[in-house]
Colleague: 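Shown below is the structure under consideration.
When a residue number appears, it is its place in the shown sequence, counting from 1.
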Amino acid sequence: MHGFTDVDRQPDPKSWVGVLDRLSGEPFYQAYQQRVRELLRPSPGRRYLDVGAGTGASAVRLRDDHDVTVLTVDRSLTMAVAMRARGLTRCAVADAHRLPFLDDSIDGAWADRTVQHLADPRAAIRELARVVRPGGRIVLADPDYDTQVLDIADQDLARRVLRFRADVMLRNGTLAHQHAGILATLGLAEVTVEPRTLLVRNPNAADNVLGLRSWAGTAAQRGVLDPAEARAFEEQFDEAVEAGRFTYAVTFFLTAATVNFHEPSS
């Protein structure tokens, strides 16, 4: 599973804090996260919840820009320590499937690149709907790895590596386009979807931030790809970079809705 599935059990948990810090400095991530916060329709004095908050960078921005209270949840103690060091004191180490909040106690909630890692995404989204008051907003943001493209010479090999990323490295790598349907099924209103495509031409960003060049090697280690094919992928990756034609893209879906009513708690 992807490292963000269980940060605290990784060989170097603090390195994943660095990954999020690098991503938060990328213009694409800054722009779509700003839109996520706008979709919450924040009002001063209200309480908002960031589930799977990571380092809390977006939570800090919402708090400071809109004069609101932000509560954060992450199952990783490593991330909780990072958040508290950055001034987020209302941080709970908890499971997204069982949020430690009362029904209707939050004015709005969001989950950014969180649902893709969860064991039961529908149960976790139902939890968001439980804790957010009627009239409050829920926003989900995730990439959908069914939308990936990569320009290397062997397109069949590229598709096989990208499918490994989508289907093996992530629990729910291709679910984002279904978020709207899940929210609608839960009875939420005003469901909207906005696509944001991450287009990467800088191979350093693709390798150092996304780790794309390493995906084939990981697939070979897992027995999904032949080692010779993994080497061929890396060679063609480097050839595309040398030729100046390197291109990778994946589309994120920003899905928002308004809580209408809650199903009775079980």
Side-chain angles (χ1 to χ4, degrees), residues 1-5 19-20 22-36 111-118 121 139-182 192-256:
M1 283 293 141
H2 194 283
F4 281 120
T5 303
V19 170
L20 291 182
R22 287 193 294 275
L23 288 175
S24 66
E26 294 288 327
F28 170 81
Y29 289 84
Q30 293 175 349
Y32 94 74
Q33 288 173 346
Q34 173 64 31
R35 182 56 181 155
V36 165
D112 177 12
R113 287 170 292 144
T114 297
V115 175
Q116 63 184 327
H117 300 298
L118 299 178
V139 184
L140 308 174
D142 259 327
D144 192 313
Y145 286 100
D146 259 346
T147 66
Q148 293 178 108
V149 292
L150 173 65
D151 182 9
I152 62 172
D154 187 338
Q155 284 292 284
D156 179 67
L157 178 59
R159 282 190 287 271
R160 291 169 63 198
V161 172
L162 297 180
R163 283 251 59 87
F164 171 75
R165 170 68 169 183
D167 297 338
V168 180
M169 291 183 75
L170 293 158
R171 282 173 166 163
N172 309 295
T174 62
L175 188 68
H177 71 282
Q178 298 180 52
H179 288 173
I182 295 171
T192 62
V193 183
E194 298 181 10
R196 294 287 188 275
T197 298
L198 171 63
L199 176 64
V200 183
R201 298 297 317 285
N202 178 358
N204 292 326
D207 194 18
N208 298 333
V209 176
L210 300 174
L212 194 157
R213 190 179 183 276
S214 69
W215 295 352
T218 303
Q221 292 171 6
R222 305 275 183 91
V224 176
L225 206 64
D226 186 274
E229 293 176 313
R231 289 193 295 273
F233 177 88
E234 292 167 357
E235 290 169 0
Q236 290 181 34
F237 183 103
D238 296 338
E239 289 168 1
V241 172
E242 183 67 24
R245 64 180 178 83
F246 175 85
T247 302
Y248 169 80
V250 63
T251 296
F252 285 52
F253 290 86
L254 313 187
T255 307

Colleague: Roughly how far, to the nearest 0.5 Å, is the CZ atom of Arg213 from the CZ atom of Phe233?
Modeller: 9.0 Å

Colleague: With a 3.5 Å distance limit and no angle check, can you tell me whether Asn172 reaches the backbone of Leu175 through a side-chain donor-acceptor pair?
Modeller: no

Colleague: Hey, could you give me the CD/CE distance between Gln116 and Met169, rounded to the nearest 0.5 Å?
Modeller: 11.0 Å

Colleague: What pair of heavy atoms forms the shortest contact from Asp142 to Arg113, and how long is it?
Modeller: OD1-CA, 2.9 Å

Colleague: Measuring from Phe253:CZ to Gln178:CD, what's the distance to the nearest 0.5 Å?
Modeller: 10.5 Å

Colleague: Quick one: closest heavy-atom pair of Ala228 and Asp226, and the distance?
Modeller: N-OD1, 2.8 Å

Colleague: Just wondering, do Leu198 and Tyr32 contact through their side chains at under 4.5 Å, heavy atoms?
Modeller: no

Colleague: Could you check whether any side-chain N or O of Thr255 sits under 3.5 Å from a backbone N or O of His179, counting only pairs where one atom can act as donor and the other as acceptor?
Modeller: no

Colleague: Give a yes or no answer on whether the side chain of Gln30 reaches the backbone of Ser24 with a donor-acceptor pair at less than 3.5 Å.
Modeller: yes

Colleague: So, taking the atom named CG in Asp151 and the one named CZ in Phe237, what distance separates them when rounded to the nearest 0.5 Å?
Modeller: 11.5 Å

Colleague: For Asp112 and Gln33, does a side-chain donor sit closer than 3.5 Å to a side-chain acceptor?
Modeller: yes

Colleague: With heavy-atom distances below 4.5 Å as the criterion, would you say the side chains of Leu150 and Leu212 are in contact?
Modeller: yes

Colleague: Indicate whether any N or O donor in one side chain lies under 3.5 Å from an N or O acceptor in the other, for Thr247 and Arg201.
Modeller: yes

Colleague: A side-chain contact here means heavy atoms from C-beta on lying under 4.5 Å apart; do Leu157 and Leu225 qualify?
Modeller: yes

Colleague: According to side chain to side chain contact (heavy atoms under 4.5 Å, CB included), who are the partners of Val149, at least two apart in sequence or on a separate chain?
Modeller: Ala249

Colleague: With sequence neighbours excluded, what pairs up with Ala166 under the side chain to side chain contact (heavy atoms under 4.5 Å, CB included) test?
Modeller: Tyr145, Gln148, Arg163, Thr174

Colleague: Any chance you could measure Arg165, atom CZ, to Leu162, atom CG, to the nearest 0.5 Å?
Modeller: 10.0 Å

Colleague: What is the minimum heavy-atom distance between Val161 and Trp215, and which atoms define it?
Modeller: CG1-CB, 3.8 Å

Colleague: Measure the shortest side-chain to side-chain distance between Leu170 and His117 over non-hydrogen atoms and say whether it is less than 4.5 angstrom.
Modeller: yes

Colleague: Roughly how far, to the nearest 0.5 Å, is CG of Asp238 from CZ of Phe246?
Modeller: 10.0 Å

Colleague: Quick check: closest heavy atoms across Ala230 and Ala216, and the distance to 0.1 Å?
Modeller: CB-O, 3.6 Å

Colleague: Identify the heavy atoms of Ala153 and Arg245 that sit nearest to each other, and give their distance.
Modeller: N-NH2, 3.8 Å

Colleague: Write down the atom of Pro227, the atom of Ala220, and the distance for their closest heavy-atom approach.
Modeller: CA-CB, 4.1 Å

